[in-house]
Amino acid sequence: MALRMSTLFLRTLREDPADAELPGHKLLVRAGYIRRVAPGIYTWLPLGMQVLGKVEAIIREEMQRIGSQEVKFPALLPREPYEATNRWTEYGDNLFRLKDRKDADMLLGPTHEEMFCLTVKDMYSSYKDLPLALFQVQNKYRDEARPRAGILRGREFIMKDSYSFDVDQAGLQKAYDAHREAYIRIFERFGFEYVIVKADSGAMGGSASEEFLAVSPYGEDTFVRDDSGYAANVEAVEVPQAPEVEVTAGPAHVEPTPDTPTIATLVTALNKDHPRTDGREWTAADSLKNVLVMLVHPDGTREPLAIGLPGDREVDAKRLEVKVAPAEVEAFEEKDFAAYPMLAKGYIGPGVLGEEKASKIRYLLDPSVAIGSAWVTGADEHGHHVIDLVHGRDFTADGTIQAAEIREGDASPTGHGTLKLARGIEMGHIFQLGTKYAEALGLKVLDENGKLVTVTMGSYGVGVTRAVGAIAEDNLDDIGLIWPRNVAPADVHVVATGKDEAVFVKAEEIVRELEAAGVEVLFDDRRKVSPGVKFKDSELIGVPTILVVGKGLADGKVELKDRRSGDRREIAVDDVVSEVTTEIAEPAPSL
Ligand code: ATP
Ligand code: MG
């Protein structure tokens, strides 16, 4: 049945909503797809439901194609399973917790590994029952610190989450590969530019994990890529260890460098008081900066960590977080300095850093610090630095850490050219969970030899409502949305204009014929609305093909308009069905 604008629950807005920042979000509200209820919480209106339905259908089809079966778990859940995996606590403030009338703790599911795991445990007990893949399309609840950009980061949002269950790693790998393929098809069909990046699997360590990012300036994730097709989240970039170099520096010497607690003041002082002998100027990159942080382990113990890196780079907080997880990173404060009197703040060097040195503080170096390279660094004495301190000759560290910032133009770890930085919106995440949840919840099956084995799981998510937001941000212009055909609220927007009743009668007829041919129609059949308003609305709503039925009818003509290119052409009324079906069958223009 055609959606009729005369009765459609819709009120388009001419003004941007005050609380929307991104262009796509503004247009989704203005064009009557969604409405805000509270920060990160949205109502879906009929037009929005159309698009959401298309997006969900694509996802369902591709999940079913790989043999995954749909289920649906409740969003309202008891505490116990999440307690068993420690996520009741681990999720922190992001978890919506509530109590029922008997004072029992409940939560609104932020993700459902526990429930899937327990249900499979309830029902299955043998290797013969596996492999198994299940999915659901379900509301998720996360009390995000910064709900943002409308449906891109909601507090209630829809996720498609799937889980695979296998007896061994080979099975898990197969399930993972199948999901990867399914995700590629899903994101191709959504029609946006995306990259698959090696994600970091953080605390879980080592397991395969990839993210699908929609390339977008509005993305919150930074990723790198090179010309060979390599792409990775900044957190996952592994900078290669710089190869050993021949020592050319003379003996290390301590020099007074008063009032140089920062790299900038140090470089200035060095060039003034201690010019290099090779004629080159000192730069920040010649200095070795030693950054102290405080790690807080899950059991509450605090452990200082020192990171040595070239002075022209900062420690990247996200990269560091991932490398030290599950410990958390806190600043090294005045009171911490007080507890380590051997640390001369502003002049800290490898002389005291290291598990074997005076401070006993673990000291990790950036991999770019080559064995044999010479540095200017703190002399562990206020107002003094040491020049020509050579790594491997004059100092060593306890190991390396991948925590320095990654910059545009850095050499690619693949050896192919340099890295480019771009931003992306995380659309999907595939992850070889392994046995973490199955172990915590006791999901075991009997193998061929009658021995109990722990099931190995994969977890795979797609942001469904986020996909609608990301598609909107990527498909718009100054006057409205322009949906890719695959997810548009209708195939064609038929606009009947004028006051002549005959126009409306003919338009009705055209709509009936189009529908009979399987074309989905949004029909502007409003009688007392001016053509100008109707055209504006059609541009705002963004159905990719617009058919105007109006004055030309007297000559047997209607107008077919392409929303994206703005191209318009007259066609004979009699050819409407064949013209429209050809037009909408065209592949969506590449974005
Ligand atoms: P992000 O880093 O963006 O917070 P995440 O790593 O927490 O995402 P997952 O837990 O892997 O996300 O969830 C799977 C998918 O669900 C994500 O890839 C994303 O598309 C979607 N998603 C996650 N959080 C939200 C949210 N607050 N609003 C809308 N979609 C979300
Ligand atoms: Mg998140």
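Just so it is clear, the model here is predicted, and its values are computed rather than measured. Start at 1 and go down the list; that is how both ligands and their atoms are numbered. All values below were derived from every heavy atom in this structure, side-chain atoms included, with hydrogens, water molecules and symmetry-related copies excluded.
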Requested in this report: Could you establish whether I158 and ligand 1 come within less than 4.0 Å of each other, counting only heavy atoms on the residue side?
Outcome: no

Requested in this report: Compare E220, E144, R153 and give the one whose heavy atom is closest to atom 1 (P) of ligand 1.
Outcome: R153

Report task. Please state whether the rings of F431 and H429 are parallel, tilted or perpendicular, taking 30° and 60° as the class boundaries. Result -> parallel

Query - Single hit among D227, D410, D226 for side chain to side chain donor-acceptor pair (under 3.5 Å) with K420 - result: D227

Query raised in the report: Hey, is E61 close enough to R189 for a salt bridge, meaning N to O under 4.0 Å?
Result: yes

Query raised in the report: Just heavy atoms, cut-off under 4.0 Å: does L152 contact ligand 1 by side chain, backbone, both, or neither?
Result: backbone

Query raised in the report: What are the two closest non-hydrogen atoms of E113 and S459, and how far apart are they?
Result: OE2-OG, 3.1 Å

Query raised in the report: Do R466 and ligand 1 have an N or O pair less than 3.5 Å apart?
Result: yes

**Report entry** Contact atoms of ligand 1, heavy-atom distance to G428 under 4.0 Å
**Finding:** 18 (O)

Requested in this report: Run the numbers for me: atoms of ligand 1, each under 4.0 Å from some heavy atom of G154, listed by number.
Outcome: 26 (C), 27 (N), 28 (N), 29 (C)

Query raised in the report: With E210, which residues qualify under side-chain hydrogen bond (donor to acceptor under 3.5 Å, both in side chains), at least two apart?
Result: Y176, R180

Pair up each side-chain donor or acceptor in residues 9-18 with any protein partner under 3.5 Å, not counting sequence neighbours, and list the distances.
from : atom 1 : to   : atom 2 : distance (Å)
T12  : OG1    : D537 : OD1    : 2.8
R14  : NH2    : D537 : OD1    : 3.0

Query - Atoms in ligand 1 flagged as close to M427, the criterion being non-hydrogen separation under 4.0 Å - result: 18 (O), 20 (O)

**Report entry** From G463, A470, G150 - option closest to atom 21 (C) of ligand 1 by heavy atom
**Finding:** G463

Query raised in the report: In terms of ring plane angle, is the pair Y42 and H25 parallel, tilted or perpendicular, where the classes change at 30° and 60°?
Result: perpendicular

**Report entry** Closest to atom 10 (O) of ligand 1 (judged by heavy-atom distance), picking from R142, H429, M159
**Finding:** R142

Report task. Could you list which atoms of ligand 1 come closer than 4.0 Å to a heavy atom of E426? Result -> 1 (P), 2 (O), 5 (P), 6 (O), 8 (O), 11 (O), 12 (O), 17 (C), 18 (O), 19 (C), 20 (O)

